[in-house]
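Take a look at the structure set out below.
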Protein chains: 2
Amino acid sequence: MLSERQMMILRAVVRDFTNTGVPVGSKALAKQLPIHVSSATIRNEMAALEELGLIKKTHSSSGRIPSVEGYRYYVDHLVKPDPLRPNDMDVIQSSLGGDFHKIDEIISQSATILSNLTSYTAFTLKPELKDSRLSGFRLVPLGKRQVMAILVTDSGDVENQTFDVNESVTGDQLEAVVRLINDQLVGLTLPEVVKKLQADIPMKIANYLQSPQGFLDIFGDVLTRAAQERFYVGGRLNLLNFSQDSDVDSLKSLYSLIDKTDDIANVLGRPDDKISVQIGNEMTNDALRNFSLITATYDVDQHGRGMIAILGPTRMPYSRMLGIVGAFREELAKKLLDYYRFYDE
Amino acid sequence: MLSERQMMILRAVVRDFTNTGVPVGSKALAKQLPIHVSSATIRNEMAALEELGLIKKTHSSSGRIPSVEGYRYYVDHLVKPDPLRPNDMDVIQSSLGGDFHKIDEIISQSATILSNLTSYTAFTLKPELKDSRLSGFRLVPLGKRQVMAILVTDSGDVENQTFDVNESVTGDQLEAVVRLINDQLVGLTLPEVVKKLQADIPMKIANYLQSPQGFLDIFGDVLTRAAQERFYVGGRLNLLNFSQDSDVDSLKSLYSLIDKTDDIANVLGRPDDKISVQIGNEMTNDALRNFSLITATYDVDQHGRGMIAILGPTRMPYSRMLGIVGAFREELAKKLLDYYRFYDE
DNA sequence: CTTAGCACTTGTATTGTTTGAGTGCTAAAA
DNA sequence: TTTTAGCACTCAAACAATACAAGTGCTAAG
């Protein structure tokens, strides 16, 4: 259990270090803190905090920086989200103010806004109700040999892909396939569809198509894409700012990570009511060792909940970032409610 | 006019420097060159080459490196494309060997292959005949309020986008709009369509839709996307390897450049029969000062011609790269001919 | 419990030294 | 006229020595 004074010191160490990036020493703290004690006293307290593993030295005679545990204690007990800067609120309002014609535009735009506000990398995920089910499938002929496959889920997700078919394939055949899919698969959850697709469907399709493999490839393709949660990423390039010692390799693995939807989903974790912070190696992924991730859900009533997240250096100014994330989740929820209200009514 | 010996020296300087990245001195050359002369003689020749602006020193007593003019002379007169390594050909054949269901897959895959072979960044552009014309437009209702807009051009490009419409919009209204678009705009080139879209179309649409702006936005959107040439990029991350002194800012502007289709189109230039090389500041764009770009067209008979390109550091091994690009353009053309043959017949 | 004082540690910056690769120039050899 | 050996000179890179500033832990007194 920390004393009031220790908390004050820990808070100051974290705040100073996240702002300046320089280890903070006892003298500077003594000058800055509201209580009037000498640097020697601070030193004693700092020794105690170090004993507890909350702060550490970069070398034997340096100032202290927070350890991962120190950051953890700070975000759990000491930090208080900053109120949003007026200017930031303006940015949000105006960027989100325009007219949108689809949910995804709003969500993708949100990633950009969030990355601009924070100058970090941002992720957004659109609101989701539950395991979605296949609600419709079409094949739309577009020309001599081009066909577009469209897959719709009951949560309103749409995936599509054009592909080429041999001219010997007739419209009737395509119709038959569409009917088959819709008869057999509509209403099932996507994982169930995938399973059936590996079981009896191929044989049935073979009744209508000479070489069903091409079609199965395409259908499987749109299907897996529809089954994946789709994250939007904003401010990718901001990661470059923190590539300390410009370690190209770790930067590369970081970028590969970001582009793998599955991995991101994994890192971000499951929705959860609070705003949550993951610090440095609390995340299992090695590429994220020097990063922290702030995730939050937002709630759109009967339309489900989505997530937003920002990824920045472990030494990010948490109070400000928590303020931004907190405010943004609310603005986004409001905007989406408006949107649904307009198109639903 | 260079003497035989001077050419030999210039060639060796370029080859050595592109391989090692270290300025090359007279002694090393004397040892390495097939002719038997002393380093002093080499020095004299090098002084002459420097006088001509083909090579230069990094500091007053350093070895020489090629200048942009030196590279230029080298690629114009001295270089001879390396034959492909057997292994490289295997990679091409196997990566391109699978079954594809659309042109774009082949082209996008090509960018990846090319970047793997070179470990640089690669661009590919699909074959194109001429200014394409609008050949069809549809609105496909997908659910209560979702509609997909699909635009097809006579060159086989398809662009689509889903959007939400207010429930008060009826299927009849949508049909009317589709008919209007198809009546008025099909057959025009895309730029012409854009022009008409700013002129009389909005008024006509207002006859059918209460608030046409939403629809016009969407249509304009798919239209501009269709009008843009679409480049595929492979090996983006490879750029990180050459960020000398890890200049974050120039790296950022480089990445922004790469993601702006228009700018890339500009840099790559117009198709042209030869394989062409642009070196360092020969490209006007400042972000490319330390890079070279090799572009080549490939020809698919009556289906038009496309482009491939690789972007790497100015000190790239040109002979090897020219070999790869040359071989790849041919393999790609072959593959595409096969593809068309299969789906056309 | 707090504080002043002091010896000690370490990173950073500066300066000087050495080494090695390379150059230009000159004068002799071919 | 061209080539070559020899030599003085330049510069980057690596290394060592030094001083400095910021910070620490510890002790003894308040």
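Each chain gets a letter, A, B and so on, in the order its sequence line appears, and its residues count up from 1.
Taking atom CG of residue A:Leu29 and atom C1' of nucleotide D:dT24, one finds them 14 Å apart after rounding to whole Å. The separation between B:His36 atom NE2 and D:dT2 atom C1' is 16 Å, rounded to whole Å. Between B:Lys27 atom NZ and D:dG6 atom P the separation is 12 Å, expressed in whole Å. In this structure, A:Ile9 atom CD1 and D:dT24 atom P are separated by 11 Å, rounded to whole Å. Separating the CZ atom of B:Arg5 from the P atom of D:dT2 is a distance of 10 Å, rounded to the nearest angstrom. Going from atom NZ of A:Lys56 over to atom P of D:dT24 covers 16 Å, rounded to whole Å. One interatomic measurement links the two molecules: NE2 of B:His59 to C1' of D:dC11, which rounds to 5 Å at whole-angstrom precision. Put simply, NZ on A:Lys57 is 13 Å from C1' on D:dA22, counting in whole angstrom units.
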Counting only pairs under 3.5 Å, give me each side-chain donor-acceptor contact of residues 23-33 of chain B, with atom names and distances, residues two or more places apart or in other chains.
unit_1, atom_1, unit_2, atom_2, d
B:Ser26, OG, B:Arg43, NH1, 3.2
B:Gln32, NE2, B:Asp16, OD1, 3.3
B:Gln32, NE2, B:Asp16, OD2, 3.1

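Crowding of B:His59 atom NE2: a count of heavy atoms from other residues, nucleotides or ligands under 6.0 Å exceeding 12.
Applying the 3.5 Å distance criterion, the base of C:dG5 shares a donor-acceptor pair with the side chain of A:Arg43. The base of C:dT3 has none of its N or O atoms less than 3.5 Å from a complementary donor or acceptor on the side chain of A:Ser38. A donor-acceptor contact under 3.5 Å is formed by the side chain of A:Ser61 with the base of C:dT9.
Proximity of B:Ser26 to the phosphate of C:dT23: a side-chain N or O atom is located under 4.0 Å from OP1 or OP2.
Minimum heavy-atom separation, A:Met321 to A:Ile294: CB-CD1, 3.7 Å.
Counting non-hydrogen atoms under 4.0 angstrom, A:Ser60 reaches the backbone sugars and phosphates but no base.
Between the A:Ser67 side chain and the A:Leu54 main chain, a donor and an acceptor come within less than 3.5 Å of each other. Although no hydrogens or angles enter the test, the distance criterion places no donor-acceptor pair under 3.5 Å between the side chain of A:Ser292 and the main chain of A:Pro313.
Listed nucleotides D:dA5, C:dT3, C:dT23 differ in distance to B:Met46; the shortest reach to its side chain belongs to C:dT23.
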